[in-house]
Amino acid sequence: AEEVRRRMPAIIAGEVAAINRTFQERTLDAGTRPAWPVVAGRSYIAYGLKLGGAVLPQDVEELLPKLTEALSALRRRPTDVRLRRKPLALEVSHPFPAPLDYRKASTALQPDTMLTGRNYSGGEPCDDTLCFDDTPHVLIAGTTGSGKSTLLRMMVATLALNTSPDSLRLYLVDLKNEDLLPFRRLPHVETTAITRAQAMDVVRFMHAEKNRRVMEGKTTGPRFVLVIDELAQIADKSTVQLLDDTLAVARSKRINAIFATQKP
């Protein structure tokens, strides 16, 4: 860790120079400075950008292949460069990646709240959380190996840890029969679906429960949370319509969803 800290200033200075040189060679009025990058632990670096008055973010986007080429040559290994728009920055992986240390996170949260990671968007890094009162439904999207299932498990685990089974009922759908199975013995879990037929039964049940609560004008009782890993495995047109109808008015009826998928 000490070696990483020692080397990072020189690495950042070199990458700032490479980014600015790429812009200058293409006569694009844009750039970054050594004081602007945000280093997110050992996950990624975001190089803040300033654009000239006539430059648009899409102009920078067109140069991403050249920027990727420049930083890949500098690091001597493939290094993808992505454009972040809010705030505007070029995002690259950390040169010495390492997972977050889960032991530093606070898992003592309010009920109906989930830990989602670390927030590096400004100021001192802090735990990032989501509460169903503010965010009724969550969609986790990412390619294979990007950490969707790890995030999904962390959210379910911290949600159950901080919410009483009397107040929270979980309906788990995992057609891979893998990532959500460790939770099936929790007292919060109502059912775990591992086949498409079982998954469709759960989706139809949630839709019927939504209709029942609407008819009864019910806004109290246990929170029902539908958790689906790899949504695309069950997301045909009729299922999507059923889910859409369920979730459109589910917030006020204490019905929530957490979905993970590769292609939103």
Side-chain angles (χ1 to χ4, degrees), residues 40-44 98-121 125-194 198-199 202-203 205-206 209-210 222-235 243-244 246-247 250-264:
R42 287 172 64 177
S43 176
Y44 66 85
L100 291 172
D101 186 351
Y102 72 92
R103 293 167 297 184
K104 295 181 179 179
S106 174
T107 56
L109 307 172
Q110 294 297 313
D112 301 322
T113 303
M114 300 160 285
L115 181 66
T116 58
R118 293 285 278 168
N119 190 326
Y120 296 91
S121 60
C126 60
D127 288 348
D128 203 22
T129 61
L130 287 177
C131 178
F132 280 133
D133 290 338
D134 304 316
T135 307
H137 311 304
V138 181
L139 177 65
I140 303 169
T143 58
T144 299
S146 61
K148 295 188 305 298
S149 296
T150 299
L151 175 56
L152 188 64
R153 289 196 299 266
M154 181 168 65
M155 292 172 67
V156 172
T158 51
L159 175 64
L161 180 65
N162 293 282
T163 312
S164 164
D166 294 335
S167 302
L168 173 68
R169 308 310 299 162
L170 295 172
Y171 294 80
L172 309 180
V173 176
D174 183 3
L175 269 58
K176 293 186 298 183
N177 196 15
E178 183 178 323
D179 294 310
L180 296 179
L181 288 196
F183 299 109
R184 67 188 185 278
R185 298 188 185 277
L186 285 177
H188 308 71
V189 174
E190 200 70 48
T191 188
T192 303
I194 61 173
Q198 291 172 344
V202 171
V203 171
F205 169 80
M206 297 298 283
E209 177 65 16
K210 181 270 296 183
R223 185 183 299 278
F224 282 15
V225 179
L226 174 61
V227 183
I228 301 179
D229 195 11
E230 296 298 349
L231 176 64
Q233 292 184 328
I234 65 168
L243 288 170
D244 184 57
T246 301
L247 301 182
R251 176 177 185 169
S252 63
K253 304 305 177 185
R254 293 178 60 81
I255 296 175
N256 307 91
I258 308 173
F259 298 156
T261 186
Q262 290 189 36
K263 298 178 180 180

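Sequential numbering from 1 along the given sequence is applied to the chain's residues. Keep in mind that what you see is a predicted model, and the values were worked out from it rather than measured.
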Practice item. Enumerate the residue pairs fulfilling side-chain hydrogen bond (donor to acceptor under 3.5 Å, both in side chains) with a member in residues 250-261, sequence neighbours excluded, ordered by first and then second residue. Key: R223-N256

Point to revise | Pairs where residues 157-170 contributes a residue and the test side-chain hydrogen bond (donor to acceptor under 3.5 Å, both in side chains) is met, not counting sequence neighbours | key: R169-E190

Rounded distance (nearest 0.5 Å) linking atom [atom1] of [X] with atom [atom2] of [Y]:
| X | Y | atom1 | atom2 | value |
| --- | --- | --- | --- | --- |
| I255 | K210 | CD1 | NZ | 8.5 Å |
| L172 | T192 | CG | OG1 | 4.5 Å |
| D229 | N177 | CG | CG | 11.5 Å |
| L151 | T116 | CG | OG1 | 6.5 Å |
| T107 | M154 | OG1 | CE | 11.0 Å |
| D112 | L159 | CG | CG | 6.5 Å |

Review point. Considering residues at least two apart in sequence or located in another chain, which fulfil the ring-ring contact (aromatic ring centres under 6.0 Å, His included) criterion with F259?
Key: none

Review point. Mind checking what makes ring-ring contact (aromatic ring centres under 6.0 Å, His included) contact with F224, not counting sequence neighbours?
Key: Y171

For [X], side chain to side chain contact (heavy atoms under 4.5 Å, CB included) partners two or more places apart:
| X | result |
| --- | --- |
| T129 | L109, T113, L115 |
| A235 | L231, V240 |
| V156 | L170, F183, V227 |

In chain order, what residues pass the side-chain hydrogen bond (donor to acceptor under 3.5 Å, both in side chains) check against [X], with sequence neighbours excluded?
| X | result |
| --- | --- |
| R118 | D127 |
| D179 | S149, R153, K176 |
| E209 | R212, R213 |
| T144 | Q262 |

Revision key, fill the gap. Contacts satisfying ring-ring contact (aromatic ring centres under 6.0 Å, His included) that involve residues 137-167 (not counting sequence neighbours) are none

Practice item. Measure across A193 and A199 and return the closest heavy-atom pair with its distance rounded to 0.1 Å. Key: CB-N, 3.6 Å

Point to revise | Test item: D128 and Y120 side chains (from C-beta on) under 4.5 Å apart, heavy atoms | key: no

